[in-house]
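Just so it is clear, the values below take in all heavy atoms, side chains as well, and ignore hydrogens, waters and symmetry mates. Just so you know, ligand 1 is whichever comes first in the structure, and atom 1 is the first atom listed for that ligand.
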Amino acid sequence: MYLVEGTITLKLPESSNDVLLKNLYLSCDPYMRNRMSKFDGPEIEGFHAYTPASPLAGIGVAKVVESGNPDYKEGDLVWGITKWEEYSLVPSTQIVFKIEHTDVPLSYYTGILGMPGITAYAGFFEIGSPKKGDNVFVSAASGAVGQLVGQFAKLTGCYVVGSAGSKEKVDLLKSKLGFDEAFNYKEESDLDAALKRYFPEGIDIYFDNVGGKTLDAVLLNLKVHARIPSCGMISQYNLTQHEGVTNLLNLIYKRVRIEGFVVTDYYHLYPKFLEFLLPHIREGKIVYVEDIAEGLENGPAALVGLFSGHNVGKQVVIVAR
Ligand code: NDP
C-alpha cells in the first residue's frame, strides 16, 4: 500500500481476502484495558493481549476503500475490529456487520447499534429474563451499556434505579434516560444502606457493570430467584489485587442465578436486535447519549477517561466524517 498525492493506492494480491478501511469512528471500550495486561483467562476471540508498539485494535465504523472479498465493495459502510489509525488493512473476517441503515447517526454503530447495544440487549433480555414489575438495578448506568439497560427495563415495565459517579450523570439518568431513581455511589458511605433505601423489597435483576464493592452490597439486597447478568467489572480492571466479594452465600440462600457472558456469543441476535431497536430510535422512544472526542490524537485520553468516569455516555472518537 502506498500514498500517491493524498490518495491511497493498494494492490491486493488476487487471493487476498483483506479489506482496506478508512476509519470514521472508533469505539472506546473498557475491555481494551484488559488487553493491555497479561490475560490469564480462556481464549476469547478478539481478546488477546495487544502487541506493544503496534496500533491499538478495537471496534470501529469504517468505509471500505478496497476489498479482496466480493461480499464487500468500495464505499460500503461496515463495523468491526479495526485499528486506531486513519486507514487499516484488515482481514475481511474482522468485519462484524455491513451497515444497512444510514438514517441514524453512523457513530451509533459503535454504541447503541453496535457491540454495547447487543451487550445490553442480550444481557438484559436473554440472561436477566425480565418481567413487568421487576426491580432492576444497573451500575455504571449512564455509560454505553448501562443507559440502554435502564431504558430496556422501563420498556418492559420494570422499576429501575441506576448508580453513577457524578451529579451530572445522576441528573441525566432521571431527566433524560427515564430511570425511576439514580444515586451517586461516590457519595454513599454505606452502599448496602443506599440499596435498602431504593429497594426496600429487594432487587430482582442486577445488571453488573462494575463488580467489586457494589456487587458485594447488591448480594445483601437480592430477592429470592434474582438474576445477575454479569457484564463487566470495571472497578477491578486497574487493580493488581482484585477486591474480594464476601457475601456470596446469599446466592445460595436466595437461589440466585449469576451468569457471566461475552457479547460475541450473541451476535447471531443482531438482525432481531435491529428490528426491535431501530423503530424505537426513529420514534424517539429510546435515546442515546454520546461523548464525542474529535480527532485520533484525542483518542488515548478518551480511552483512559473511561476509568475515571470522564465520559458522559458512550465514548466515541471521530477520525474522519
Ligand atoms: P461506560 O460507558 O459505562 O464507561 C465506563 C464507566 O465505568 C465510567 O464512565 C465510570 O462511570 C464507570 N467506572 C469507571 N471506573 C469505575 C470504578 N472503579 N467503579 C465503578 N465505576 C467505574 O462503559 P461500557 O458501558 O462500555 O461498559 C460497561 C461495562 O460493561 C464494563 O465493565 C465493560 O467491561 C462491560 N462490557 C462487557 C461486555 C461483555 O461482553 N460482557 C461487552 C461490553 C462491555 P461512573 O462515572 O458512573 O463511575
**Between Phe152 and Phe276, ring centroids under 6.0 Å** = yes
* To do: Assign the ring pair Tyr288 / Tyr108 to parallel, tilted or perpendicular, where the plane angle (0 to 90°) is split at 30° and 60°.
  => perpendicular
Do the charged groups of Asp192 and Lys213 touch, with an N to O distance under 4.0 Å?
-> no
Within the 4.0 Å heavy-atom cut-off around ligand 1, the contacting residues, ordered by chain and number, are Pro30, Met115, Thr119, Ala140, Gly143, Ala144, Val145, Ala164, Gly165, Lys169, Tyr185, Asn209, Val210, Cys231, Gly232, Met233, Ile234, Ser235, Tyr237, Phe261, Val262, Val263, Leu306, Phe307, Gly309, Asn311
For Tyr185, the ring pair (Phe, Tyr, Trp, His ring centres under 6.0 Å) test, sequence neighbours excluded, returns none
Hits for salt bridge (charged side-chain N to carboxylate O under 4.0 Å, His left out) against Lys254, two or more places apart or cross-chain, chain-then-number order -> none
Hits for side chain to side chain contact (heavy atoms under 4.5 Å, CB included) against Gln236, two or more places apart or cross-chain, chain-then-number order -> Met233, Leu239, His242, Glu243
